[in-house]
Amino acid sequence: MERISITEWAERILHDAASTLITPTAGECLVCFVARQVDEFGCDGTHRFAVHYRDSVAPRATGLLVRLSAMGACCCDCEMFMNSYEPAARLWTPAHESVSSDDVDEWEDPEPPDTVPPCETTRRGSIKPCGNWERIPRSRYR
Ligand SMILES: [Zn+2]
Ligand SMILES: [Zn+2]
């Protein structure tokens, strides 16, 4: 009988889940799809979800990974959310003044939303994100 470690077993289960569960919903854009998957399954250090999206709905977008790299997401899916896209400004809690317990005025930074609303959808075959997302200006990280 084949003996495998718990880790290997868990990886197999995860792998099975990942290969059966991930399908972009109708019209779902690349960025919402990848966000949803990374949230659910985590990043494994590759572009597996972006590539899966392309293979499923945008097979002609052959330059996808080159494009993502150019936007700072060279190596894996979660980098898209660190370097390339962030939730659109209108979804954030704006910066505001708050008074702390010792009566000092404090300035609260804008806060990103916990969750992004359902995808506003995109044209099938496109790898453009919907209106939920905005490009992160590169200057911020330089
Ligand atoms: Zn990653
Ligand atoms: Zn979307």
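Note that the numbering runs from 1 along the sequence shown for the chain. Read the numbers this way: they start at 1 and go in the same order the structure lists the ligands and their atoms.
- Taking every heavy atom of both residues into account, Tyr85 and Pro129 meet most closely at CE2-CG, 3.5 Å.
- Between the side chain of Tyr53 and the backbone N or O of Glu28, at least one donor-acceptor pair lies under 3.5 Å.
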Scan the side chains in residues 60-72 for donor-acceptor partners under 3.5 Å anywhere in the protein, sequence neighbours excluded, and list what turns up.
from: Ser69; atom 1: OG; to: Leu65; atom 2: O; distance (Å): 2.9

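- Of all protein N/O/S atoms, those lying under 2.8 Å from the Zn ion (ligand 1) come to 3.
- A side-chain donor-acceptor contact under 3.5 Å links Asp77 to the backbone of Phe49.
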Begin with the C-alpha distance, continue with both residues' side-chain angles, and end with the deciding distance and a verdict on side chain to side chain contact (heavy atoms under 4.5 Å, CB included) for Cys74 and Glu79.
CA-CA 8 Å; Cys74 68; Glu79 281 181 330; 4.1 Å; yes
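- Counting only residues at least two apart or on different chains, no ring-ring contact (aromatic ring centres under 6.0 Å, His included) pair has a member in residues 103-130.
- Counting only protein N, O or S atoms, 4 lie closer than 2.8 Å to the Zn ion (ligand 2).
- Residues Arg90 and Asn132 form a side-chain contact, since some pair of their non-hydrogen atoms from C-beta on lies under 4.5 Å apart.
- Under a 3.5 Å cut-off, the side chain of Glu120 and the backbone N or O of Gly131 do form a donor-acceptor pair.
- Side chain of Glu97 to main chain of Asp105: no donor-acceptor pair is present (N/O by atom type, distance under 3.5 Å, no hydrogens or angles).
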